[in-house]
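Since we're looking at a predicted model, the values are computed, not measured. Worth knowing before you read on, the calculation uses all heavy atoms, side chains too, and leaves out hydrogens, waters and symmetry mates. Along the sequence shown, residues are numbered consecutively beginning with 1.
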Amino acid sequence: QVQLVESGGGLVQAGDSLRLSCAASGRTFSRSAMGWFRQAPGKEREFVAGISWGEINTYYADSVKGRFTISRDNAKNTVSLQIDSAKPEDTAVYYCAADSDDSPRTIWTTAARYDSWGQGTQVTVSS
């Protein structure tokens, strides 16, 4: 498994940008698909963005497409989520997750497919 620690959350105004980072430890990171999920109060955890580990593919939820960008740096064992044009509805706890048991192009949008999770980082967007 992979151990994950998120950082970069905070309070921003609508329209601002924010960059979340996830530091990973464990020898399987470079062969793990990575995902970002978020959970707002009273709502279920939802998929935000994912990136495969080989022949890099990315996939985004419709609600963030064009505003969020996921990237990874295998040399530094990090995955990032760039949030641009933030909206109040982006307010949530953001979680980084790793799927260490799939093919190089796979990206899952289902939380149950991920076997490692970080503790989460709060993002609050004020209007």
Checklist entry - Taking only residues two or more places apart in sequence or in another chain, which ones pass side-chain hydrogen bond (donor to acceptor under 3.5 Å, both in side chains) with Ser103? => result Thr106
Checklist entry - Same cluster for Tyr59 and Phe68 if Ile/Leu/Val/Met/Phe/Trp/Tyr side chains link at under 4.5 Å? => result no
Next on the checklist: Checking Arg105 now: which residues fulfil salt bridge (Lys or Arg N to Asp or Glu O under 4.0 Å) with it, not counting sequence neighbours?
Outcome noted: Glu55
Next on the checklist: Checking the side chain of Ser30 only, and the main-chain atoms of Asn74 only, is there a donor and an acceptor separated by less than 3.5 Å?
Outcome noted: no
Checklist entry - Do Gln122 and Thr91 have side chains that get closer than 4.5 Å, going by heavy atoms? => result yes
Next on the checklist: Strictly by disulfide (SG to SG under 2.5 Å), give each pair with a member in residues 26-79 just once, sequence neighbours left out.
Outcome noted: none
Item to check | Atom of Ser32, atom of Val2 and distance for their closest heavy-atom approach | outcome: OG-CG2, 3.8 Å
Checklist entry - Can you find a heavy atom in the side chain of Pro104 that is under 4.5 Å from one in the side chain of Trp53? => result yes
Checklist entry - Cluster question for you: counting only ILVMFWY and a side-chain heavy-atom cut-off of under 4.5 Å, with indirect links fine, are Ile56 and Phe29 together? => result yes
Checklist outcome for this item: Heavy-atom closest pair (Ser25 atom, Asn77 atom, distance to 0.1 Å) is CA-ND2, 4.4 Å
Next on the checklist: Check for me, please, whether Tyr95 and Ile83 land in the same ILVMFWY cluster - side-chain distances under 4.5 Å, paths through other members count.
Outcome noted: no
Checklist entry - What residues, two or more places apart in sequence or in another chain, satisfy side-chain contact (heavy atoms from CB on, under 4.5 Å) together with Asp73? => result Ala75, Lys76, Thr78
Checklist entry - Looking at CG of Leu81 and OG1 of Thr69, how far apart are the two atoms once the value is rounded to the nearest 0.5 Å? => result 8.0 Å
Next on the checklist: Hydrophobic clustering (ILVMFWY, side-chain heavy atoms < 4.5 Å, transitive) - are Tyr94 and Val12 grouped together?
Outcome noted: yes
Checklist entry - Do any N or O atoms from the side chain of Tyr60 and from the backbone of Ile70 form a donor-acceptor pair under 3.5 angstrom? => result yes
Checklist entry - Met34 and Leu4: side chain to side chain contact (heavy atoms under 4.5 Å, CB included), yes or no, with the steps? => result CA-CA 11 Å; Met34 301 299 296; Leu4 305 170; 3.9 Å; yes
Checklist entry - Considering all heavy atoms of both residues, which atom of Gly9 and which atom of Thr121 are nearest to each other, and what is their separation? => result N-OG1, 3.2 Å
Item to check | Pairs touching residues 3-18 that satisfy salt bridge (charged side-chain N to carboxylate O under 4.0 Å, His left out), sequence neighbours left out | outcome: none
Checklist outcome for this item: For Ser80, the side-chain contact (heavy atoms from CB on, under 4.5 Å) test, sequence neighbours excluded, returns Arg19, Ser21, Ser71
Item to check | Which residues share a salt bridge (Lys or Arg N to Asp or Glu O under 4.0 Å) with Lys65, sequence neighbours left out | outcome: Asp62
Checklist entry - Minimum heavy-atom separation for Gln82 to Ser17, with atom names? => result NE2-CB, 3.8 Å
Checklist entry - Considering residues at least two apart in sequence or located in another chain, which fulfil the salt bridge (Lys or Arg N to Asp or Glu O under 4.0 Å) criterion with Arg31? => result none
Item to check | Backbone of Ile107 reached by a side-chain donor or acceptor of Arg113 within 3.5 Å | outcome: no
Checklist entry - With sequence neighbours left out, which residue pairs that include part of residues 78-92 fulfil the salt bridge (charged side-chain N to carboxylate O under 4.0 Å, His left out) condition? => result Arg38-Asp90, Arg67-Asp90
Checklist entry - Can you name the residues that form a ring pair (Phe, Tyr, Trp, His ring centres under 6.0 Å) with Phe37, not counting sequence neighbours? => result Phe47, Tyr114, Trp117
Checklist outcome for this item: Taken in chain and number order and not counting sequence neighbours, the residues that satisfy side-chain contact (heavy atoms from CB on, under 4.5 Å) with Glu44 are none
Checklist entry - How many angstroms lie between atom CZ of Arg72 and atom SG of Cys22, to the nearest 0.5 angstrom? => result 10.0 Å
Checklist entry - Excluding sequence neighbours, so at least two apart, what forms side-chain contact (heavy atoms from CB on, under 4.5 Å) with Ser127? => result Pro88
